[in-house]
**Student:** 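Handing you a structure now.
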Amino acid sequence: MLVHRLDRKNEFDASLAADAADARMVARMRLVLSVSALLAIFVDPAGLRGIGGFTWLLFFGYILHSLAVYLYTQLDAPFSQSKLIHWLDVFWYGLIVLFTDGIHSFFFLFFFFAILTSSFRWGFNEGARVTLASVALFAACGLGSTTEQDLPRLLLRATFLLAFGYMSIHWGGSKVELKRRLALLRDVSRVSNPRFGVDHTVTSILEKTQVFFQGSCCLLIVRDKESGAYFLRTIREGDAKRSINAERISVDAAAPLVALPQERIVAYNRPIWPALFSFTGAAAYDSAKGRWNRHEEAACSSLAELLDAGAFISAPVSLRKSEGRIYLFSRQAGFRKADALFLSHIAAQAFPVIENIELLDRMASDAASQERQKIALDLHDTAIQPYIGLKMGLSALRNKAADDNPLIEDLDKLADMAAKVIGDLRRYAGTVKNGLGKTEQVFLMVLRQQAAQARDFYGIDISVCVQGELNVSDRLTAEILQIVREGLSNICKHTFAHHGAVKLECVDGLLRIQIENECDGTQSVAFQPRSITERATALGGNAQVVRGTSGGTSVHVEIPI
């Protein structure tokens with residue numbers, strides 16, 4: 001997981017470097033363009049009408065603007081990545097056209113620079129806004145002075161600007177969209193840490209897909225080929241308390257979701273008049289023939305109404321032991337057929353990774369089971385047996401001591417402690433042998449047992465607080481328990497505190513663990529818990545020590561889930 005996060009960081013840094021390089025290239029071209037415009041006026045001032053003193057100041061001002069933007073890009077200032085730059089370009093070009101003979105000015109071609117930079121950097125929507133603004137501004141420059149003879153020129157140049165602008169934003173938007181799609185395919189094809197399990201990986205894929213398409217809901221329904229049982233995973237927009245586990249549903253509940261042909265890719269948009277730029281109705285893609293066909297609209301419409309959606313796309317999912325479909329719903333119509341095809345590419349790219357993780361998980365579980373058997377036997381032979389001998393020795397000493405012996409109370413206390421340790425070791429050996437339970441109740445029970453042991457042995461009152469639902473796998477649960485055990489051990493052995501607390505919560509895709517102790521009256525010393533830090537780092541997280549205002553110490557651990 002740590003390697004995965006480092007790879008993601010390196011890719012993010014590379015993306016930022018590429019964006020900065022593009023910004024520097026555009027800034028250089030802007031500076032060249034501004035200087036060339038001034039030179040053109042200087043060489044042939046008679047080529048345009050209306051060249052005056054203010055016009056010269058206007059061109060010098062644009063050169064200064066271009067130079068300032070170039071310096072910002074060289075310094076990697078945040079402003080160099082702002083959308084405001086190309087809007088300022090449009091404003092400058094409008095002024096230049098207005099004061100250099102209006103619609104007769106050949107400087108109207110400068111608008112293409114703003115259209116290209118906006119569309120190739122920010123996509124279709126931003127490029128379309130800049131194109132429409134450029135056309136409107138160019139037309140406004142000639143409204144006050146255009147004669148009847150100038151109308152054809154105005155219409156021709158405005159149409160030329162609009163047509164070639166649309167072509168530019170179409171290709172620019174395709175380039176931006178392609179980069180986003182490649183980034184998503186790269187993310188969903190990564191093998192996650194086997195500690196987090198298959199459920200975490202599937203949930204992560206669904207979340208990324210829902211965010212990419214900006215859908216309201218993403219569903220995955222699968223049918224086990226052996227048992228015939230249906231399992232459903234649901235990711236909803238804005239749902240902070242989502243579970244990573246699949247929910248088993250009945251055949252009747254699954255029927256609407258599996259009614260579509262298994263081998264077909266389906267797209268549906270509710271037929272409403274605002275959907276001007278997308279198809280309406282239902283269509284199914286035949287992969288064998290490579291073409292779209294009309295599909296039965298009634299079933300798709302009922303499914304959309306069932307989930308309060310205006311549109312959806314769906315693609316088949318096939319695994320070794322199961323099969324099903326992935327759905328993406330949107331409240332508003334607007335999905336394209338290309339979106340449905342790309343959803344099928346996501347399924348084809350991501351779910352073979354799931355099978356690899358499942359295989360790794362099974363291999364790790366089998367190896368862990370054998371190792372648990374060995375550890376359980378070692379615990380019994382090397383830890384439990386000596387404690388049993390210690391308890392027998394303490395009982396023998398207790399029997400030899402007279403009733404008035406002052407050490408009787410201490411001997412009884414030591415014997416009780418030994419008996420509790422033997423019981424804890426036997427329970428721990430049983431847990432190791434049989435595997436840790438997967439339920440949150442077992443997790444809380446083990447935490448409270450650790451807190452009770454700290455109270456009985458060291459007189460430290462430890463409170464346990466779990467906020468919300470902990471959506472973690474059993475293997476990750478074992479790692480969390482070990483981190484908490486290390487933290488409590490540090491409090492008991494290295495402080496004189498009488499109170500402490502353990503807090504756990506899942507929020508913003510992170511599992512946060514806080515292990516706190518009160519101020520014990522001693523001078524605090526800066527330290528970093530080595531074992532806890534190493535375990536957190538191995539899980540792709542981090543650990544840090546925070547000093548409270550009252551002098552207490554708190555160890556904060558964050559693990560991405």
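On a predicted model such as this, the values are computed, not experimentally measured, just so you know.
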**Student:** Nearest heavy-atom pair of C141 and G94: which atoms, and what distance?
**Tutor:**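 Closest approach of C141 to G94: SG-O, 3.5 Å.
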
**Student:** Is there a side-chain contact between L154 and F138 (heavy atoms, below 4.5 Å)?
**Tutor:**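 A side-chain contact exists here, since the closest heavy-atom pair is under 4.5 Å.
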
**Student:** In Å and rounded to the nearest 0.5 Å, what is the OG to CG distance from S118 to N125?
**Tutor:**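 That separation rounds to 11.0 Å.
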
**Student:** Rounded to the nearest 0.5 Å, what's the gap from CD1 on I313 to CG on L341? Could you check?
**Tutor:**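 So the CD1 of I313 and the CG of L341 are separated by 9.5 Å.
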
**Student:** Is it the case that the side chain of R153 and the backbone of I103 share a donor-acceptor pair, with hydrogens and angles ignored and the cut-off at 3.5 Å?
**Tutor:**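 Checked: no pair found.
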
**Student:** Ring centroids only, cut at 6.0 angstrom: are Y93 and Y62 within range, meaning strictly under it?
**Tutor:**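 Yes, they do, as the ring centres are separated by less than 6.0 Å.
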
**Student:** Under 4.5 Å between any side-chain heavy atoms of F108 and L137, yes or no?
**Tutor:**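 SC-SC contact between F108 and L137 ruled out.
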
**Student:** Any side-chain heavy atom of M25 within less than 4.5 Å of one from T117?
**Tutor:**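 Counting from C-beta outward, M25 and T117 never come under 4.5 Å.
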
**Student:** For atom CD of Q74, decide whether the heavy atoms of other residues, nucleotides or ligands shown that lie under 6.0 angstrom number more than 12.
**Tutor:**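 Result for CD/Q74: enclosed.
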
**Student:** Does any donor atom in the side chain of Q210 or R236 lie under 3.5 Å from an acceptor atom in the other side chain?
**Tutor:**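 Distance-only check fails for Q210 and R236.
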
**Student:** Would you compute the distance between atom CZ of F91 and atom CD1 of I96 and round it to the nearest 0.5 angstrom?
**Tutor:**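 The CZ atom of F91 sits 10.5 Å away from the CD1 atom of I96.
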
**Student:** Specify the closest pair of heavy atoms between S105 and R157, including all atoms of both residues, with the distance to one decimal.
**Tutor:**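 Taking S105 first and R157 second, the nearest heavy atoms are O-NH1, 2.9 Å.
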
**Student:** Salt bridge (Lys or Arg N to Asp or Glu O under 4.0 Å): which pairs involve residues 303-316, sequence neighbours left out?
**Tutor:**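 Those involving residues 303-316 do not exist here.
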
**Student:** Check ring-ring contact (aromatic ring centres under 6.0 Å, His included) between F120 and all other residues, then give those that pass, not counting sequence neighbours.
**Tutor:**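 Scan of F120 (ring-ring contact (aromatic ring centres under 6.0 Å, His included), adjacent residues dropped) gives none.
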
**Student:** Of the non-hydrogen atoms in R331 and S216, which two are nearest, and what is the gap between them?
**Tutor:**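 For R331 and S216, the tightest heavy-atom pair comes out as NH1-CB, 3.4 Å.
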
**Student:** What pairs with R30 under salt bridge (Lys or Arg N to Asp or Glu O under 4.0 Å), at least two apart in sequence or on another chain?
**Tutor:**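 R30: salt bridge (Lys or Arg N to Asp or Glu O under 4.0 Å) contacts with D89.
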
**Student:** Are F59 and F107 close enough that their ring centers fall under 6.0 Å?
**Tutor:**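 Yes: the rings meet the under 6.0 Å criterion.
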
**Student:** Determine whether V130 and S134 make a side-chain contact, defined as any pair of heavy atoms from C-beta on separated by less than 4.5 Å.
**Tutor:**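 With C-beta onward as the side chain, the pair touches.
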
**Student:** Step through the shown structure and confirm whether more than 12 heavy atoms of other residues, nucleotides or ligands are within 6.0 Å of CZ on F79.
**Tutor:**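 Enclosed.
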
**Student:** For a side chain to side chain contact (heavy atoms under 4.5 Å, CB included) with C217, tell me which candidate from L328, L307, T234 qualifies.
**Tutor:**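 One option only clears the test, and that one is T234.
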
**Student:** One pair to check against side chain to side chain contact (heavy atoms under 4.5 Å, CB included): I265 and L343. What are the steps and the verdict?
**Tutor:** CA-CA 9 Å; I265 303 167; L343 182 64; over 6 Å; no

**Student:** Any side-chain heavy atom of I249 within less than 4.5 Å of one from I221?
**Tutor:**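 A side-chain contact under 4.5 Å exists here.
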
**Student:** Check the pair R121 / H86 against side chain to side chain contact (heavy atoms under 4.5 Å, CB included), numbers first and verdict last.
**Tutor:** CA-CA 10 Å; R121 294 200 64 192; H86 56 253; over 6 Å; no

**Student:** Report yes or no: does S344 contribute a side-chain atom to a donor-acceptor pair with the main-chain N or O of A315 at less than 3.5 Å?
**Tutor:**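 No; judged by distance alone, with no hydrogens or angles, the pair does not exist.
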
**Student:** Check for a donor-acceptor pair, side chain of R264 on one end and backbone N or O of A283 on the other, with a separation under 3.5 Å.
**Tutor:**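 Flag not set: sc R264 to bb A283 has no pair under 3.5 Å.
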
**Student:** Got more than 12 heavy atoms from elsewhere within 6.0 Å of CZ, F212?
**Tutor:**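 Yes, the 6.0 Å shell around CZ holds more than 12 heavy atoms from other groups.
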
**Student:** Identify all side-chain donor-acceptor contacts of residues 161-174 below 3.5 Å with residues at least two apart in sequence or on another chain.
**Tutor:**
from, atom 1, to, atom 2, distance (Å)
S168, OG, F164, O, 2.9
S174, OG, H170, O, 2.8

**Student:** Identify, with sequence neighbours excluded, every residue that meets salt bridge (Lys or Arg N to Asp or Glu O under 4.0 Å) alongside E177.
**Tutor:**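 Checked E177 against salt bridge (Lys or Arg N to Asp or Glu O under 4.0 Å); matches are R180, R181.
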
**Student:** Which distance, rounded to the nearest 0.5 Å, do you find between the CD of Q349 and the CZ of F342?
**Tutor:**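 Separation between the atoms: 9.5 Å.
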
**Student:** Would you please name every residue forming a salt bridge (Lys or Arg N to Asp or Glu O under 4.0 Å) with R28, sequence neighbours left out?
**Tutor:**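 Result, salt bridge (Lys or Arg N to Asp or Glu O under 4.0 Å) vs R28: none returned.
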
**Student:** Checking E247 side chain against F231 main chain: does a donor-acceptor pair fall under 3.5 Å?
**Tutor:**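 Side chain of E247 to backbone of F231: no pair is present.
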
**Student:** So, for I483 and A536, which heavy atoms are closest and what is the spacing to 0.1 Å?
**Tutor:**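 Closest pair (atom of I483, atom of A536, distance): CD1-N, 4.5 Å.
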
**Student:** Before giving the answer on ring-ring contact (aromatic ring centres under 6.0 Å, His included), spell out for Y327 and Y268 the whole-Å C-alpha distance, their side-chain angles and the decisive distance to 0.1 Å.
**Tutor:** CA-CA 11 Å; Y327 287 87; Y268 170 78; over 10 Å; no

**Student:** Rounded to the nearest 0.5 Å, what separation is found between the CZ atom of F111 and the CG atom of L116?
**Tutor:**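 Spacing of CZ (F111) from CG (L116) equals 13.5 Å.
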
**Student:** Return yes if some donor-acceptor pair links the side-chain N/O of R270 with the main-chain N/O of A309 below 3.5 Å, else return no.
**Tutor:**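 Looks like yes, one N/O pair under 3.5 Å.
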
**Student:** Might you work through the side chain to side chain contact (heavy atoms under 4.5 Å, CB included) test for I346 and L185, ending with a clear yes or no?
**Tutor:** CA-CA 6 Å; I346 295 175; L185 290 176; 4.1 Å; yes

**Student:** Distance-only, no hydrogens or angles: does the S301 side chain make a donor-acceptor pair with backbone N or O of E297 under 3.5 Å?
**Tutor:**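 A pair under 3.5 Å: no.
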
**Student:** When you measure from the side chain of S322 to the backbone N and O of R223, does any donor-acceptor pair fall under 3.5 Å?
**Tutor:**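 No: the side chain of S322 does not pair with the backbone of R223.
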
**Student:** Please tell me if the side chains of F213 and F335 come closer than 4.5 Å, counting only heavy atoms from C-beta onward.
**Tutor:**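 F213 vs F335: side chains touch.
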
**Student:** Under the side chain to side chain contact (heavy atoms under 4.5 Å, CB included) criterion, do L38 and F60 qualify, and how do the steps go?
**Tutor:** CA-CA 8 Å; L38 182 63; F60 277 113; 3.6 Å; yes

**Student:** Testing I235, L257, L206 for side chain to side chain contact (heavy atoms under 4.5 Å, CB included) with L219, which one passes?
**Tutor:**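 Exactly one option meets the side chain to side chain contact (heavy atoms under 4.5 Å, CB included) with L219, and it is L257.
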
**Student:** Ignoring hydrogens, what is the shortest heavy-atom contact between A340 and W292? Give both atom names and the distance.
**Tutor:**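 Looking at all heavy atoms of both residues, the shortest contact is CB-CH2, 3.9 Å.
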
**Student:** How far does CD of Q81 sit from OG1 of T73, to the nearest 0.5 angstrom?
**Tutor:**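 Going from CD on Q81 over to OG1 on T73, the span is 9.0 Å.
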
**Student:** Check whether any side-chain heavy atom of L260 sits under 4.5 Å from a side-chain heavy atom of C300, and report yes or no.
**Tutor:**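 Sidechains of C300 and L260: in contact.
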
**Student:** With V69 as reference, evaluate L64, L31, V26, I85 under the side chain to side chain contact (heavy atoms under 4.5 Å, CB included) test and give the passing residue.
**Tutor:**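 Answer after filtering L64, L31, V26, I85: I85.
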
**Student:** Relative to the ring of F329, is the ring of F312 parallel (under 30°), tilted (30 to 60°) or perpendicular (over 60°)?
**Tutor:**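 Rings of F312 and F329: tilted, 30 to 60°.
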
**Student:** So do R325 and V266 actually touch side chain to side chain, heavy atoms under 4.5 Å?
**Tutor:**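 Yes. Closest side-chain heavy atoms under 4.5 Å.
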
